[in-house]
Amino acid sequence: MKSHSISISIALVTCSILLYLYSRLFRCPSRLRHIPQVPLPPLILSFLSGESEDIRIQKVILPFARSCRTGIVVVWALGSWYVHVLDYKFAKELMENKSIRKEQPNEDMLFWRFTGRHNIFFVEGDEWRKHSSVVRASLHGNVPIDTFCALGRTLFSLLGQGGSFCWSDISHRITLDAVGIAVMGHNFNALEHPESTFVQIYRHVMQDVSRPLYVAFPTLEWWFPRKDVVQRMDNLVSLFLEILEEKRGRPGNDFITYLIQTPGMTEAEYRDSIVTLFMAGHDTTAGALSSLIFYFAFFPTYQARARDEVLSVLGPDSDPNIPDFDKMPFLQACIRESMRMNSPSTVTIPRVSSETLHIGGYALPAGIPIVLNIHAVLHNSQTWKDPGAFNPERFISANSTDDGKWMPFGAGPRQCPARNFALYELRTLSCMLLREYRWNSPQESIHSSGKLKNRFSAFALNLPYDLYINFVRITK
Ligand code: HEM
């Protein structure tokens, strides 16, 4: 009898603990229950199986939103509930609203501890203006086409007469060198030296901070701390700080020098700003460059048409220049379409509002994290005809890009300040490649279905992985 009542007590305590954990981890806050909630089981299953954000959006979030005919949903992620905006008109309303602020990152999470919060991404008001002027000054207004062309030529010497190359890896290295040389004032030399310590440690750290289980359940960092990962992150940060020291002794015309010369900047701001610009400046563009070259490989007729256009404007030898790109509308359309299909950023950093917002027919309470779901906006069938099909033609007609539906760089005053830099980098490298090489995707490629596979990313980026491409040099 006694053992029976002990068993009942244990069962009751276990149920209470489970209920407590359930309500702490998974229960949607009552003030959000009037907004359609994306069902939990498929979301959790998707996180646990390591699916990337784009798959979760296309498989779970968008079909649910379609079934409820809504452009705003509530989504569980990282142990919390977020409002997701999936429609471009609501997205613009949100991002232009003056009462919103970036939600401060939870530094218990390893990946936010890596970036820190003393940087342009997280600061507001006068602090933001200070950081923003440093970023804008280092982007120089002028697009560094010469740097992009020089990198294009280094790329040719790497690809030689052609062969099979891991393009996703090359994309990261070339975009790292572009932002290193043109913005940060430091040549990482990643294209020519893939084995460099910088490239290796960074790759390792990114994989560490993106372990799906730790991203889905950040409290695991408390229960099972990963000291080796923290150590690697610290090593990487000390490499950044070495560059900072170098710049103190030898100032240049670049981001790090401008940071040092800005009055009132703290050591924490130097550290966090260098880490974030390093990441923001190359990972996103690498994802975009990988996707673009893949779609050209998968659609040879589009590749041939873009090549004809490039040759008709540039001829066989001359380097591209800014005015040339206005005469390449098809190449431009292909870039836009590839960034729509596999948007480099899937969601923005969450915003919180100081007052209740009324968007899309819902009251969004103050203090609740809200994200612009960029990938969903770019795949919303209310906006795009046949959103799953790669069709650059949709961007050829005159007004198709100016109505604000295409927002891979975000929206409102905090959208990407380096849009031009990134787009000209993509245009320059792709037009140089088109003139020099033909390429295709190997039959055994993991991407051979035509749907790009992206690595799971803690920063919600679409980063194609193991993307091999066969290049063949064009004989002239
Ligand atoms: C294809 C390439 C790129 C894409 C798709 C992209 C996308 C974005 C997006 C969506 C945001 C807004 C984030 C938010 O609202 O939460 C953003 C912000 C930002 N991006 Fe980019 N980006 C790209 C390239 C770059 C490059 C090359 C740099 C630097 C050289 C850069 C620096 C920044 C900075 C500093 C911000 C923060 C702006 C602020 O908060 O005021 N990005 N980017």
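We count ligands from 1, going down the list as the structure has it; atoms in each ligand are counted the same way.
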Point to revise | Salt-bridge criterion met for R203 and D169 (N-O under 4.0 Å) | key: yes

Review point. Between H84 and F64, is the ring centre distance below 6.0 Å?
Key: no

Check your understanding: Are D54 and K451 ion-paired here, with the side-chain N under 4.0 Å from a carboxylate O?
Key -> yes

Point to revise | Charged N-O contact under 4.0 Å between R117 and E127 | key: no

Study note, to complete from the structure: Looking only at protein heavy atoms, what sits closest to atom 35 (C) of ligand 1 is I120 CG2, 3.6 Å

Point to revise | ligand 1 versus T285: contacting region, heavy-atom distance under 4.0 Å | key: both

Practice item. Just let me know how M339 lines up against ligand 1, side chain, backbone, both or neither, with a heavy-atom cut-off below 4.0 Å. Key: side chain

Check your understanding: ligand 1 versus M184, non-hydrogen atoms closer than 4.0 Å: side chain, backbone, both, neither?
Key -> neither

Study note, to complete from the structure: Residue, atom and distance of the protein heavy atom nearest atom 43 (N) of ligand 1 read C416 CB, 3.1 Å

Point to revise | Heteroatom proximity flag, R414 to ligand 1, N/O under 3.5 Å | key: yes

**Study point:** Contacting atoms of ligand 1, where contact means under 4.0 angstrom from a heavy atom of V179
**Key:** 30 (C)

Practice item. Kindly check if the number of other-residue, nucleotide or ligand heavy atoms within 6.0 Å of OH (Y468) is above 12? Key: no

Check your understanding: Mind checking whether Y202 and F188 have ring centres under 6.0 Å apart?
Key -> no

Review point. Do F459 and F111 have their ring centres less than 6.0 Å from each other?
Key: yes

Practice item. Give the numbers and elements of all ligand 1 atoms closer than 4.0 Å to a heavy atom of R351. Key: 14 (C), 15 (O), 16 (O)

Exercise for review: Report yes if Q415 has an N/O atom closer than 3.5 Å to an N/O atom of ligand 1; otherwise report no.
Suggested key: no

Point to revise | R173 bridged to D177 by N-O distance under 4.0 Å | key: no

Practice item. Look at atom 9 (C) of ligand 1 and say which protein heavy atom is nearest, naming residue and atom and giving the distance to 0.1 Å. Key: F409 O, 3.6 Å

Check your understanding: Of all the heavy atoms in I374, does at least one lie under 4.0 Å from an atom in ligand 1?
Key -> yes

Practice item. Tell me whether the centres of the aromatic rings in F294 and W439 are closer together than 6.0 Å. Key: no

Revision key, fill the gap. Within 4.0 Å of some non-hydrogen atom of P408, the atoms of ligand 1 are 5 (C), 7 (C), 10 (C)

**Study point:** Nearest-neighbour protein heavy atom for atom 25 (C) of ligand 1, which is reported as residue plus atom name and distance
**Key:** A280 O, 3.4 Å

Revision key, fill the gap. of all protein heavy atoms, closest to atom 27 (C) of ligand 1 is G281 O, 3.3 Å

Check your understanding: Who's the nearest protein heavy-atom neighbour of atom 24 (C) of ligand 1, and how far?
Key -> T284 OG1, 3.4 Å

Check your understanding: Can you list the ligand 1 atoms lying under 4.0 Å from a non-hydrogen atom of A422?
Key -> 1 (C), 2 (C)

Exercise for review: Check ligand 1 against W128 and write out every atom of the ligand that is under 4.0 Å from a heavy-atom position of the residue.
Suggested key: 39 (C), 41 (O)

Review point. Does K102 approach ligand 1 within less than 4.0 angstrom via side chain, backbone, both or neither, non-hydrogen atoms only?
Key: side chain

Check your understanding: Between the side chains of N454 and N342, does any donor sit under 3.5 Å from an acceptor?
Key -> yes

Review point. Numbering the atoms of ligand 1 from 1, which are under 4.0 Å from a heavy atom of P344?
Key: 5 (C)

**Study point:** Taking atom 38 (C) of ligand 1 as the reference point, the nearest protein heavy atom with its distance
**Key:** P417 CD, 3.6 Å

Review point. Is the distance between the ring centroids of F148 and Y424 under 6.0 Å?
Key: no

Review point. For atom 28 (C) of ligand 1, what's the nearest protein heavy atom and its distance?
Key: A418 CB, 3.3 Å

Study note, to complete from the structure: Exactly one candidate in R414, K102, R351, R129 meets salt bridge (charged side-chain N to carboxylate O under 4.0 Å, His left out) with E124; the answer is R414

Point to revise | Salt bridge E221-R113, side-chain N to carboxylate O under 4.0 Å | key: no

